[in-house]
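What follows is one structure encoded as structure tokens, with my remarks underneath.
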There are 2 protein chains.
Amino acid sequence: MKLSQGVEWGLHCTSLLAQAPADRPIRRDVLAGHYGLPDAYLAKHLQALTRAGVLHALPGPRGGYRLARSPERITVLDVVEAIEGSTSAFVCQEIRQRGTGAVSPDQCSNPCAIRSVMDQADAAWRDSLRGVTVADLVDRLPPGVRERNADLLAAAGG
Amino acid sequence: MKLSQGVEWGLHCTSLLAQAPADRPIRRDVLAGHYGLPDAYLAKHLQALTRAGVLHALPGPRGGYRLARSPERITVLDVVEAIEGSTSAFVCQEIRQRGTGAVSPDQCSNPCAIRSVMDQADAAWRDSLRGVTVADLVDRLPPGVRERNADLLAAAGG
DNA sequence: GTACCGGTACTCGGATATAGTATGTCCGAGTATGCGTGG
DNA sequence: CCACGCATACTCGGACATACTATATCCGAGTACCGGTAC
């Protein structure tokens, strides 16, 4: 049930990348150092974000990561699903069709009520995350932080 | 991120208990047999439900499990939280206060935007589950199933 | 002076160990029953 | 005949192995840059 910590890492790194000039890739070790994270492991999650089309990775000198599109068009859900996967948290194993109380398959054309309820809750969760963008996250930063981050990124990229 | 399969087991067993006479405890092996589950492991989850006050366990001969209160007063969320725990799926590790980009603690009196968003989504998920009761689940069973279950439970208890 | 070419240093990407949690199983603690016994 | 006490069988509860996934790390593939060289 617990979400991977990579979700938090991914959201922070994505919103940090949104605070850098769009044409300036940020190296992975800069991102890791900014938040005190192990960059070798951070690589795995950034890689997932890249595969999902949220980030764009640029190899070689002057390489690094940048957002694949504008922060207004990246939702929190995009980041979460890139790292955690888009499959529902609840997986129905159809135990109603097993054991002595097994229900005949032709009575199971509709998904069972339990599955429906869990799927509906899952949809509510995803809808909530879909309603917030990375740009919103940046807007909600305490005053002064955005400017300081821009300076730090510029210094690191120097 | 994936929910334990025990959630499905717990919900099915709880709704099945709601279909039995309230004064008739159902043995664990009957529940396990009804759904084809390993009763030794099912014990663990039923135990969690008992500790959470959803079920009531009765030891000794003629013992078993029964609902601790009427099905109308048991929400799906009660069952889920009993098994999965009531802690939020997202745990904020406050990485914004670590690394070279560390934000000063006095600027962190408010929870960070990321945490707020995740907590809000979690609340939406829980609200959705809180809105459905075990009685609702029983009502949504296919026609005939409820009667058949009652018969099976009566035969097993006999 | 300019264009081409090769070496080099730097970046990310995937394959590889380790730890923590979910899964699965077992035996012991506790209780109502049923029988035997005494009044 | 009735009440009491005890042995018994049956139930759940918590301690003990195992499997899988999340965590953490390393080295190799690929790319842009920079200098040297030929024209």
Side-chain angles (χ1 to χ4, degrees), chain A residues 1-10 13 17 23-33 35-66 68 80 82-85 87 89-91 93 95 156-158, chain B residues 1-10 13 17 23-33 35-66 68 80 82-85 87 89-91 93 95 156-158:
Chain A
M1 174 59 187
K2 188 168 67 72
L3 268 75
S4 160
Q5 63 180 354
V7 170
E8 182 180 8
W9 299 7
C13 288
L17 287 173
D23 56 347
R24 276 270 312 287
I26 307 295
R27 291 197 312 273
R28 190 176 59 206
D29 62 340
V30 173
L31 290 172
Y35 293 116
L37 307 175
D39 74 333
Y41 184 30
L42 178 63
K44 195 155 215 165
H45 298 302
L46 294 183
Q47 180 181 345
L49 287 166
T50 302
R51 264 199 297 259
V54 174
L55 299 186
H56 191 80
L58 213 67
R62 301 284 297 167
Y65 295 92
R66 64 175 178 81
V80 172
I83 294 173
E84 283 291 328
T87 63
F90 178 80
V91 285
Q93 297 183 325
I95 65 173
Chain B
M1 173 59 185
K2 189 168 66 73
L3 269 73
S4 161
Q5 62 180 356
V7 170
E8 183 179 9
W9 298 8
C13 288
L17 287 174
D23 56 347
R24 276 269 313 286
I26 306 296
R27 289 196 315 271
R28 190 176 58 206
D29 62 341
V30 173
L31 290 172
Y35 292 116
L37 306 175
D39 73 334
Y41 185 29
L42 178 62
K44 196 155 214 163
H45 298 303
L46 295 182
Q47 179 182 344
L49 286 166
T50 302
R51 263 198 297 258
V54 173
L55 300 186
H56 191 79
L58 213 66
R62 301 284 298 167
Y65 294 90
R66 62 174 179 82
V80 171
I83 292 173
E84 283 291 327
T87 64
F90 179 81
V91 286
Q93 297 183 326
I95 65 173

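Reminder, nothing fancy here: chain letters follow the sequence lines and each chain counts from 1.
Two residues, A:Ala43 and B:Gly60, neighbour DNA chain D, and the one matched to the more 5' nucleotide by heavy-atom proximity is B:Gly60. Nearer to the 5' terminus of DNA chain C, by closest-nucleotide assignment, is the contact made by A:Gly63 (compared with the other of A:Met1 and A:Gly63). Residues A:Ile26 and B:Trp9 each lie close to DNA chain C; by heavy-atom proximity, the contact nearer the 5' end of the strand is made by A:Ile26. Heavy-atom nearest nucleotides on DNA chain D were determined for B:Thr50 and for A:Pro59, and the one closer to the 5' end corresponds to B:Thr50.
Computed from coordinates, the B:Lys2 NZ to C:dA22 P distance equals 10 Å when rounded to whole Å. Remark: P of C:dT11 and CG of A:Leu58 are 12 Å apart, rounded to the nearest angstrom. If you measure from atom CZ of A:Arg62 to atom C1' of C:dC10, you get 12 Å, rounded to the nearest angstrom. Remark: P of D:dC12 and CZ of B:Arg66 are 13 Å apart, rounded to the nearest angstrom. Residue B:Glu8 contributes atom CD, which lies 15 Å from atom C1' of C:dT23 at whole-angstrom precision. Computed from coordinates, the B:Leu37 CG to C:dT23 P distance equals 13 Å when rounded to whole Å. As a whole-Å value, the separation of B:Gln47 CD from C:dC26 C1' is 14 Å. In this structure, B:Ile95 places its CD1 atom 13 Å from P of D:dT23, rounding to the nearest Å.
Taking both residues in full, the closest heavy atoms of B:Glu84 and B:Leu3 are given as OE2-C, 3.8 Å, listed atom of the first, atom of the second, then distance. Nearest heavy atoms, B:Ala32 versus B:Pro38: CB-C, 4.5 Å. Closest approach of B:His45 to B:Ser4, counting heavy atoms only: CE1-OG, 4.0 Å.
Evaluation of atom-type donor-acceptor distances gives no pair under 3.5 Å for the side chain of B:Lys44 against the base of D:dG13.
The phosphate of C:dG14 (OP1 or OP2) has a side-chain N or O of A:Arg51 nearer than 4.0 angstrom. Residue A:Arg27 places at least one side-chain N or O closer than 4.0 Å to OP1 or OP2 of C:dT11. In terms of phosphate contacts, B:Ser4 brings a side-chain nitrogen or oxygen within less than 4.0 Å of OP1 or OP2 of C:dT23. The phosphate of D:dT25 has neither OP1 nor OP2 within less than 4.0 Å of any side-chain N or O from A:Tyr41.
Residue B:Pro38 is classed as a sugar-phosphate contact, given heavy-atom separations below 4.0 Å to backbone atoms only. As judged by a 4.0 angstrom heavy-atom cut-off over every strand, B:Gly64 is placed among residues touching the sugar-phosphate backbone only. Nucleic acid contact for B:Ala40: base, since at least one base atom lies under 4.0 Å from a heavy atom of the residue.
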So B:Arg66 and B:Leu17, side-chain contact (heavy atoms from CB on, under 4.5 Å) or not? Walk me through it. CA-CA 6 Å; B:Arg66 62 174 179 82; B:Leu17 287 174; 5.7 Å; no
Dump the intermediate steps for side-chain contact (heavy atoms from CB on, under 4.5 Å) on A:Leu31 and A:Leu46, then the final yes or no. CA-CA 10 Å; A:Leu31 290 172; A:Leu46 294 183; 4.0 Å; yes
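Although no hydrogens or angles enter the test, the distance criterion places a donor-acceptor pair under 3.5 Å between the side chain of B:Glu8 and the main chain of A:Gln93.
Of all nucleotides listed (C:dG13, C:dT31, D:dA24), D:dA24 comes nearest to the side chain of A:Gln5.
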